[in-house]
Amino acid sequence: MANSSSGMAVSDECKLKFLELKAKRNYRFIVFKIDESIQQVMVEKLGSPEETYDDFSNSLPDNECRYAVFDFDFTTNENVQKSKIFFIAWAPDTSRVRSKMLYASSKDRFKRELDGIQVELQATDPSEMSMDIVKSRAI
């Protein structure tokens, strides 16, 4: 179903892979890309459970927008193992204005398709999604 404001559809693969990350923990992260030619959000990269946060952040392009989800495992101050699913809207300052507008106008609709996101981050450069920030938002 297309979003009336941006005309953006979400591929079934996006929803399916997100469910696999959430329920089966088959992936550590997923990077999503808008294919402007068909006006649809697609899966661009799947990160295996062994991959790290650095692997994830290195998979985001320097000058193009992306959406991403990351399954973050951490230990609370009470020494309890937990996990939170982060949604990251990546919009580097060097990306095209049209692209930033397209990703911004489609974000809420896309997020609604991914049931189970617990924390959202918006980042325009790597410092805005550093591990320290992720940890502070998780706890």
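Because the structure is a prediction, the values reported are computed rather than measured.
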Looking only at heavy atoms, what is the nearest atom pair of [X] and [Y], with distance?
X      : Y      : answer
Leu114 : Cys14  : CD2-O, 4.2 Å
Ile117 : Lys111 : CD1-CG, 4.0 Å
Arg25  : Ser83  : NH2-OG, 3.2 Å
Gln118 : Ile85  : OE1-N, 2.7 Å
Lys107 : Ala89  : CD-CB, 3.9 Å

Is there a side chain to side chain contact (heavy atoms under 4.5 Å, CB included) between Arg66 and Phe32? Walk through the geometry before answering.
CA-CA 6 Å; Arg66 293 293 186 271; Phe32 302 97; over 6 Å; no
Under the 3.5 angstrom rule, does the side chain of [X] hit a backbone N or O of [Y] as a donor-acceptor pair?
X      : Y      : result
Lys22  : Asp115 : yes
Glu113 : Phe110 : no
Ser106 : Leu102 : yes
Glu51  : Ser48  : yes
Thr75  : Asn79  : no
Tyr67  : Tyr103 : yes
Trp90  : Ser57  : no
Lys100 : Asp93  : yes

Val10 vs Arg109, side chain to side chain contact (heavy atoms under 4.5 Å, CB included): CA-CA, chis, key distance, verdict:
CA-CA 9 Å; Val10 177; Arg109 161 81 170 84; 4.2 Å; yes
Just wondering, do [Y] and [X] contact through their side chains at under 4.5 Å, heavy atoms?
X      : Y      : answer
Cys65  : Ser95  : yes
Leu21  : Asn26  : no
Phe86  : Asp71  : no
Arg28  : Phe70  : yes
Lys135 : Arg137 : no
Thr124 : Pro92  : no
Met8   : Val41  : yes
Met129 : Gln122 : no

Check for me, please, whether [X] and [Y] land in the same ILVMFWY cluster - side-chain distances under 4.5 Å, paths through other members count.
X      : Y     : value
Leu46  : Leu60 : no
Val134 : Val31 : yes
Ile139 : Phe87 : no

Before you tell me yes or no, could you show the steps for Val69 and Ile88 under side chain to side chain contact (heavy atoms under 4.5 Å, CB included), namely the whole-Å CA-CA distance, both residues' side-chain angles and the distance that decides it to 0.1 Å?
CA-CA 6 Å; Val69 290; Ile88 296 164; over 6 Å; no
If we ignore angles and hydrogens, is there a donor and acceptor under 3.5 Å between the side chains of [X] and [Y]?
X      : Y      : answer
Asp54  : Thr52  : no
Asp125 : Ser127 : yes
Asp62  : Thr94  : no

Once you round to the nearest 0.5 Å, how far does [atom1] of [X] lie from [atom2] of [Y]?
X      : Y      : atom1 : atom2 : result
Met42  : Ser11  : CE    : OG    : 5.0 Å
Gln40  : Lys33  : CD    : NZ    : 13.5 Å
Asp73  : Gln81  : CG    : CD    : 7.0 Å
Ile133 : Met131 : CD1   : CE    : 11.5 Å

Between Phe29 and Tyr27, does the ring centroid distance fall short of 6.0 Å?
no
Are more than 12 heavy atoms from other residues, nucleotides or ligands located less than 6.0 Å from atom CG of Asn63?
yes
Please determine whether salt bridge (Lys or Arg N to Asp or Glu O under 4.0 Å) holds for the pair Lys15 and Glu20, giving the CA-CA distance in whole Å, both sets of side-chain angles, and the decisive distance to 0.1 Å.
CA-CA 9 Å; Lys15 294 178 256 189; Glu20 289 178 18; over 6 Å; no
Classify the ring geometry between Phe74 and Phe72 as parallel (under 30°), tilted (30 to 60°) or perpendicular (over 60°).
parallel
Can you check side chain to side chain contact (heavy atoms under 4.5 Å, CB included) on Glu44 and Asp35, steps first, answer last?
CA-CA 10 Å; Glu44 181 178 60; Asp35 185 333; over 6 Å; no
